[in-house]
Number of protein chains: 2
Amino acid sequence: MVTIKQVAKRAGVSFKTVSRVVNNDPTVKAENREKILAAIEELGYQPNLAARMVRKKNSDVIGFISDEISTTPSSVDILRGAQDRAWELGKTLMVFNLDHKKPTPIKLLEECRQHRAEGVIYGAMYHQPVELPETFDKQPTVMVNCFDPNVERASIVPDDQQAAYDVTMQLLNKGYKRIAFLNLNPEIVAAKLRLAGFEQALQEFNIEQSNYLVETVERVIDGHTSDVTREVAERVIEEFKPDAILCGKDLVALRLYFVLEHKGLRVGQDIGVASFDDWDCIPQLLVPALSSVALPYYQMGRAAVSRIVEMVGDKQVSTHIDRVKCQISSRESF
Amino acid sequence: MVTIKQVAKRAGVSFKTVSRVVNNDPTVKAENREKILAAIEELGYQPNLAARMVRKKNSDVIGFISDEISTTPSSVDILRGAQDRAWELGKTLMVFNLDHKKPTPIKLLEECRQHRAEGVIYGAMYHQPVELPETFDKQPTVMVNCFDPNVERASIVPDDQQAAYDVTMQLLNKGYKRIAFLNLNPEIVAAKLRLAGFEQALQEFNIEQSNYLVETVERVIDGHTSDVTREVAERVIEEFKPDAILCGKDLVALRLYFVLEHKGLRVGQDIGVASFDDWDCIPQLLVPALSSVALPYYQMGRAAVSRIVEMVGDKQVSTHIDRVKCQISSRESF
DNA sequence: GACAATAAATACAACGATGTTTTAACTTAT
DNA sequence: ATAAGTTAAAACATCGTTGTATTTATTGTC
């Protein structure tokens, strides 16, 4: 690769003068500057960031460690958001994922530290508690889509409770009065929070307990989760006769659509349906299109990088949890 | 951060001896080695890869430039595969994506070159021709899920033709005799190749032209693609009366399922259905589960890194196109 | 116990850049 | 014409490593 000295030789100046030009130092004669820029262009010189870093001691690198990033189709948006924001701020994202739990987070963090990453983002595929090893305290760390249940650490998570509250309020405002919530496994953080938001909205509307219903559509046996949406949905419709159903995720709504089709109930007319996730690949192509609460993954990714950069700049400890607002993608299902 | 000299001081040896230990040089007394390892542990020393790189002139960094990686849920598997393989080979992947066509590939490549990436992978979201700027010739470059129509360049693409051939043969071997192919927009590379594979299999089975049918389910108006699966499917079923339908992608199959449900045709019994993509989020949850041809994204990502590393090692120009075999995920739909 | 042979550590230079100090080349003022 | 002041370039040190040459310590042999 071309070095600064080769450029200097070509331009007939000392290599330090080239360094000046590269770093926009104004104390360079216009004549020399032009010669140097021409030489840079001709030789295709690119400054060696590693060498620069050794000297300047800032790497502009941010580590991104992810927990099986690709398992859900949209959680990769965290990465996209982080990537975009990093680019805007002149930072480079170095991405590591730990599929199948090997390599360990500790190994990945070591890698980040060897690259002298200024901060590290740890991203999870779904909203969950994660206990990070203590070594993560050694540099600014931001958790995305997860939080540490033991230690206070900077975190960015979706505001699941507000999301459930909002969508339930929308249903109630539209006149739905008997809402069933086909929730996910209640062990899941998101399920717990959404239930809280759901009930909060119902209370505000003074809906009695007999006029709403919460059921779980995931059955866990020996740690293995199976989906029982169809049977639960059939029973709920039969016995509770809801006028609207809120689904824990788009996949539940998809299954529900088949059940409703089978029962001859028209979505949006005979019964309202809403769900969570707003995946690219389902809501828009159901008929009628499914209204779904989008998880703000892209925004969360952006926020994570912004936060890391702030932490690096301030050298301040910031451990609060950012809850990012979820938007409802309103379509025709309610 | 801790430097090698601080470790040396702590261990009471010269810093070069520490370097020896870090690099597994055997000419260090066991006694010193232990003292040094202890000091490294105590201080939490991590070698500065940037400094090492300046000296050794190899970065072990591979650049990964992607064209809107997240638009389809599974193409991010390319990244996962690349990531995993890079880790196995002791390389670091530096990921850049160019959403909304800004920043330009040229800018991203410059960034890679500044980091002295040993090679660059350019990944596309779907199988397509991509004309890379000439600057990509300056270092080993591998294209994944795309190829350059003008220049011969190392590429790794899915073998769409073989995939279509295989799945069609499976259908024929199972006794299906009137197959309709609801193909994607024929402008798409994959659509063209699959059509070829489809017809190849039919010819081998001596199926006459009147016993198969190919229709396009995507209508392009002013560059905007709209999906007309429902109307096309209804017409095809009505007029052609196929005993099996091959779908251009899972989303087409999903729509088809609704049409078939409506018409009272039972998938897997009255009619066979197969498709391409094998996304995580659709085939398994349709009833009956959809058999789909998986695109080998993960393998392609791995292969790309393997290939780059080979190219870097050999300093050989390798410009052939690898076509990676696609596996059929057989379920209950045919 | 002296001397060579080997092993292990140190000393010094280098990598490609930047920060600081010094020097050289011009201006300007008297 | 000379001193002082200003500007631009060069010289030198430095960052945290590794590679090579050199020195020092250890061992073996007679």
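What's counted below: heavy atoms across the whole structure, side chains too, no hydrogens, waters or symmetry copies. Reminder, nothing fancy here: chain letters follow the sequence lines and each chain counts from 1.
Between the side chain of A:Asn145 and the backbone N or O of A:Gly123 there is no donor-acceptor pair closer than 3.5 Å. Side chain of B:Asn23 to backbone of B:Asp25: no donor-acceptor contact under 3.5 angstrom is found.
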Could you walk me through whether A:Thr92 and B:Glu111 pass side-chain hydrogen bond (donor to acceptor under 3.5 Å, both in side chains), step by step? CA-CA 9 Å; A:Thr92 301; B:Glu111 189 81 14; 3.1 Å; yes

Walk me through it: do B:Arg302 and B:Asp84 pass the test side chain to side chain contact (heavy atoms under 4.5 Å, CB included)? CA-CA 7 Å; B:Arg302 291 186 64 92; B:Asp84 284 4; 4.0 Å; yes

Step-by-step side chain to side chain contact (heavy atoms under 4.5 Å, CB included) determination, A:Val61 to A:Arg116: CA-CA 7 Å; A:Val61 166; A:Arg116 296 298 185 266; over 6 Å; no

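When the nucleotides D:dC15, C:dA17, D:dT17 are ranked by their closest atom to the side chain of A:Lys57, D:dC15 comes out on top. Side-chain proximity of A:Ala51 to C:dA17, C:dG19, D:dT17: nearest is C:dA17.
Rounded to whole angstrom, the span from the CG atom of B:Leu49 across to the C1' atom of D:dG16 amounts to 11 Å. When the C1' atom of C:dA17 is taken as reference, atom NE2 of B:His115 falls 15 Å away, rounded to whole Å. B:Lys5 places its NZ atom 6 Å from the P atom of D:dC15, with the value rounded to the nearest Å. With rounding to whole Å, A:Arg116 atom CZ is found 15 Å from D:dC15 atom P. Distance CG (A:Asn58) to P (D:dC15): 16 Å, rounded to an integer number of Å. Atom CG of A:Asn48 is separated from atom P of C:dT18 by 10 Å (rounded to the nearest Å). Between the NZ atom of A:Lys9 and the P atom of C:dG16 there is a distance of 14 Å, given to the nearest Å.
For B:Arg307 and B:Ser318, the side-chain atoms include at least one donor-acceptor pair closer than 3.5 Å.
By the 4.0 Å N-to-carboxylate-O rule, A:Arg85 lies close enough to A:Glu88 to be salt-bridged with it.
Taking every heavy atom of residues 13-32 of chain B and every atom of DNA chain C, pairs under 4.0 Å involve B:Val13, B:Ser14, B:Lys16, B:Thr17, B:Arg20, B:Thr27, B:Val28, B:Lys29, B:Asn32, by number. Heavy-atom distances under 4.0 Å link DNA chain C to no residue of residues 35-43 of chain B.
Here CG of B:Asn58 is found 6.5 Å from NZ of B:Lys91. Values are rounded to the nearest 0.5 Å.
In this model, a side-chain donor or acceptor of A:Arg55 finds a partner on the base of C:dT18 within 3.5 Å.
Nearest-nucleotide assignment on DNA chain D puts the 5′-proximal partner with A:Gly12, out of A:Lys56 and A:Gly12.
Heavy atoms of A:Arg33 sit nowhere under 4.0 angstrom from any nucleic acid atom.
Taking the side chain as every heavy atom from C-beta outward, B:Arg153 and B:Thr319 never approach each other to under 4.5 Å.
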